[in-house]
Amino acid sequence: MIAEAKDLQAKEIKLTDRPKYTKKDLVADHPTWCPGCGDFSVLSIYFKMMEKLQLPHEKITSIAGIGCSSRFPYFVNAYGVHFLHGRAAPFATGVSMMRPDLHVFVFGGDGDAFSIGGNHLNHASRKNVKMTYVIMDNFVYGLTKKQTSPTSPLGFKSKTDPGGAVDQPINPMKQLIASGATFIARTHSHLPNHVMEMMEKAMAHDGFSVIECLSECTEFYPGAFDAANPRKGGAFNLVPADHSVTDEIAAYKLAMTPFPGYFGVFYQEQRPTKNALEAKLIADSKARAENASPTELLQKTFARLS
Amino acid sequence: MIDEKVADSSTAPGGQRPPGARRIQDAVIRFAGNSQDGIQAIGGFLARLAGRTDKDVMTYMTIPATISGGPSIYQVRLGTGEVLSAGDDVDILVTFYQHSYNDHISTLRDGGILIYDSDNVQPDPNQKRYRAIGVPITGQTVEAIGGTAKDKGKNMFVLGLIARMFDLDVPKLETMLQAYYKGKGEDVIRNVIGAFNAGYGYDIGKVTDTFEFVVPSTRVTRKQVVMDGNQAIAYGALAAGIRFGAGYPITPWSSIMEILRAELPKYGGIFMQAEDELAAIAMACGASYSGYLSLTGTSGPGLSLKTEALGWAVMAEMPIVIIDVQRGGPSTGLPTSVEQSDLNIACFGGHGDSPRIVLAPSSVEDCFYITLEAAKLAREYSSPVIILSDQALATRFEAWEMPDLAKLTQDISPDFSARGPNYKPYENAADGIAHHAPPGTPMVDGKYPVVTGLEHDEAGHPASRPANHVMMVAKRRRKLQVLAGRLPKAETYGPAEGNVLLVGWGSSHGPIREAVDKARAAGESVSSLNIRYIQPLQPGIGEIFEGFNHVFVAEINDEGLYGYGQLAALLRARYCTDKIRGINKTDGLPFKVREILNGMNEKLKQSAEPALVSA
Ligand SMILES: Cc1ncc(C[n+]2csc(CCOP(=O)(O)OP(=O)(O)O)c2C)c(N)n1
Ligand code: SF4
Ligand SMILES: [Mg+2]
């Protein structure tokens, strides 16, 4: 597998002789999002980043679960998958493991990532499967029209909590640090340059990179992030320059700062990826089996069992 | 099975019959003790030896440890002809403890042999039903290797006893023991061989004093391979070219994932232990989407969890192979017992109209070949394929003819050649089959596809127009109808017309065929039909049903609210004949031949017909 992927990379180099593509080539369906939805900004930054990086067009792969934000792949003219609610991470794991030549992006909402897909997120994180996961956190269930989400703050009035949310919300950053993700950043879709910077860093990271991007649902939770938007009189506090990204305890401390908290890279470490570990397992196993062909391997096994 | 009819039609080796010996084609040996006695190991070595030897004793089948609820038993059927089931009654019973004797003595047939540990067991001194041979198994083992023999050595002593009794190939057996215990150190090997030799030296007479083996003229002498059903599925997947698998541990599926986890890297592949079954099938869908046909598997509860993603694979028309090693359900149910009660969920599980392919292997050998076929069908029809194995197949060893691996082994690398213009993965073609392009495939018109679980148009684009859904639902159904038309015509075992047709699927196939043999030997008009393609069904089944007065479907599941088991209900819906009735059971054990014959006679009684052969 891995060997074949190398062939693919070789082919890819030739393909870069092709004329550069522009944002126009990357645009697919017109987004079905409500006017002003924060998700627009994430999409346009994704286009901008791809235009800049000029990844071979057919190698761009975006995978999503279900939700407003998870409709993302339809709006990108590239390979995309609209999978199941909450299960984009394991789907992306299958793609990433078999196709080291692709850079796999996952897009989805807070319900998708932290509620129905919470456990999947934890395990993709700890296994350090190479991919970039952008969680577009609007503190609400958008697609299903305003129910409480796992990140909805206490007191948030929704259709499922008309009297205000009573359940302790998740702290996404704490959760992600505990899960063992190797690149963890926080950003805000109202500040496109910062989103771009985080996405580029995430993509450059060799491992499971995850970004919580506050992305306002103008329809069901307008103003949710004003406190973090300087243009609305809020405070956009960057992670302090002296923060050490390899210091897990320091990252927790940042995460525990009350809303609006900090923005930037909270945590980053270099740990072997699941992809690298499996590639090594394959290389070692093959060497031990003297690179026998599948037929030879099976013949040997069957001889032992005869 | 002692079967005078079969025996008499064959020739005994040497043509001489020891005085008083009974002619048999095979012998059923049951070992009964406690789990720490290593009873499984005795069976395992006998099984492997049987596959390796040119001697008369060469076919066998084991039944699972929990079969009779005793603390631990293992049953081996050693014979000279084709062995179809583990055997109803025991010819030789080996008991380690009083409770093993008490629990299992009733399974010993009249005229059989009881071997008991005379240090622990007191058999009924007055019985005349069987030959009882007391051996101080514990004492002799202690004498041979020291220690307490509490939990080791006795099994090897008994293996030695049996080897002597059956005149087995001792040098071969010793080589196997050496190889098996190689990693465990010199001391262990010394004890193993010591106990084995002590048993071998303890002469209790030859089995041929009681039984005479007959060699049927049809006997196979080609090279054989010995494994259990789970191994056969795992190696079948490797031969099929599957290079990605994902799963979550659950009995009795786990050993498939354990084998694949160890083996796949040698083949350049990956097996992922997922956080749960939902993730496992999601990973497999992702790997298949990426261009590499993938596998996931589970047992009962895990299949329930997989149904959401299975529906996605149906909608997206993503090829994927799903193994379900059935166990007793619902819920956690009977984790180590056999049941054939997942047919409905396999065929219909999940929401919406979601046709998928479902296959059921009927033997260990078929577990291998059906996995190859599943991979082929998944790719050819761009569809999920479920293999319905079961706990009985998973845990029993069978000897089967060595497959031609050079011919069978497949290489199925993805096709990244450029596609388009106007690439339509879901074109509404006559055969209804989707054709995916894995990511990395250049599109000549620069338009790239999204694969989705939403209803979509021919280009894969979400589309909820009523006419489009009508077309796409029909297309996904039609491709399996096309497959149905291409499947081999159904064939009966025995004449294609007659009085009774016994229908079965999966692991019940063996005992059903044995029931047919027995009934036909008694002059009755009984044939059988094995349903290997559960969905879609093969052509020719309706015509076969027309040729019989009665169609009885024997399956290990409940008769259901309306009186029919899961396959019977499906066949009644499909063929609309009230000839179809069920022979069902839910005791978590494989069918006995007798149970099938009794079931058949009972049903015939209900329809006021004379009973056929007495069971
Ligand atoms: C198994 C399953 N349960 C429920 C749903 C319904 N559903 C779709 S999206 C969604 C929540 C969306 O919220 P979020 O993930 O935060 O995404 P957003 O729409 O806010 O971007 C729910 C409950 C579903 N599609 N599948
Ligand atoms: S409902 Fe909210 S999240 Fe969904 S598109 Fe509209 S604004 Fe965006
Ligand atoms: Mg949301």
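Just so it is clear, the model here is predicted, and its values are computed rather than measured.
- Going from atom CG of A:Leu305 over to atom OH of B:Tyr235 covers 5.5 Å, rounded to the nearest 0.5 Å.
- The shortest non-hydrogen separation linking A:Pro294 to B:Thr409 is CB-CG2, 3.9 Å.
- Taking 4.5 Å as the limit, some side-chain heavy atom of A:His120 sits within range of a side-chain heavy atom of B:Glu275.
- Contact count versus chain A (heavy atoms, under 4.5 Å) is highest, among B:Lys266, B:His461, B:Gln410, for B:Lys266.
- B:Asn422 CG: 12 or fewer foreign heavy atoms inside a 6.0 Å radius.
- Put simply, of A:Val95, A:Asn119, A:Asp284, the one with the most heavy-atom pairs under 4.5 Å next to chain B is A:Val95.
- The shortest side-chain heavy-atom distance between B:Tyr292 and A:Arg99 falls under the 4.5 Å cut-off.
- Only the backbone of B:Ala274 comes within contact range of chain A, with at least one heavy atom under 4.5 Å from a heavy atom of that chain.
- With A:Asn77 contributing its side chain and B:Tyr448 its backbone, the two residues share a donor-acceptor pair below 3.5 Å.
- Within 6.0 Å of the OH atom in B:Tyr181, the count of heavy atoms belonging to other residues, nucleotides or ligands exceeds 12.
- Smallest separation of non-hydrogen atoms from B:Tyr267 and A:Lys286: C-CE, 4.1 Å.
- Scanning both residues, A:Met98 and B:Ala287, for their nearest heavy atoms gives CG-CB, 3.8 Å.
- Heavy-atom pairs under 4.5 Å with chain A were tallied for B:Ala179, B:Ala262, B:Ala437, B:Gly311; the largest tally goes to B:Ala437.
- Distance check: B:Asp411 CG to A:Thr295 OG1 gives 9.0 Å after rounding to the nearest 0.5 Å.
- Scanning all heavy atoms of the two residues, the minimum distance from B:Ile270 to A:Met97 falls at CD1-O, 3.5 Å.
- Heavy-atom neighbours of A:Tyr141 OH from other residues, nucleotides or ligands within 6.0 Å: above the threshold of 12.
- Listed by chain and residue number, A:Phe183 satisfy the ring pair (Phe, Tyr, Trp, His ring centres under 6.0 Å) test with A:His205 (two or more places apart in sequence, or in another chain).
- Looking at B:Ala246, neither its backbone nor its side chain comes within 4.5 Å of chain A, counting heavy atoms on both sides.
- Of all the listed residues (A:Ala78, A:Ala287, A:Ala289, A:Ser62), the one sharing the greatest number of non-hydrogen pairs under 4.5 Å with chain B is A:Ala78.
- Legend: residues meeting side chain to side chain contact (heavy atoms under 4.5 Å, CB included) with B:Ala459, ordered by chain and number and at least two apart, are B:Asp457.
- A 4.5 Å side-chain heavy-atom check between A:Glu278 and B:Leu264 finds every atom pair outside the cut-off.
- Against chain B, the residues from residues 122-135 of chain A that qualify, each with a non-hydrogen atom under 4.5 angstrom away, are A:His123, A:Lys127 in number order.
- At least one donor-acceptor pair closer than 3.5 Å links the side chain of A:Tyr79 to the backbone N or O of B:Thr441.
- Annotation: side chain of A:Lys274 is in contact with side chain of B:Met272 (closest heavy-atom distance under 4.5 Å).
- For residues 82-94 of chain A, a heavy-atom distance under 4.5 Å to chain B picks out A:His82, A:Phe83, A:Leu84, A:Arg87, A:Pro90, A:Phe91, A:Thr93, A:Gly94, given by residue number.
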Next on the checklist: For a side chain to side chain contact (heavy atoms under 4.5 Å, CB included) check, start with the C-alpha distance between A:Arg71 and B:Leu454, then their side-chain angles and the critical distance, and finish with the verdict.
Outcome noted: CA-CA 11 Å; A:Arg71 296 195 66 102; B:Leu454 284 171; 4.0 Å; yes
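- Looking at A:Asp25, its side chain never comes within 3.5 Å of a backbone N or O of B:Gly446 through a donor-acceptor pair.
- With respect to chain B, the highest number of heavy-atom pairs below 4.5 Å among A:Thr61, A:Leu297, A:Leu281 belongs to A:Leu297.
- Residue A:Tyr74 comes nearest to B:Thr452 through the heavy atom pair OH-OG1, 2.6 Å, listed as atom of the first residue, atom of the second, then distance.
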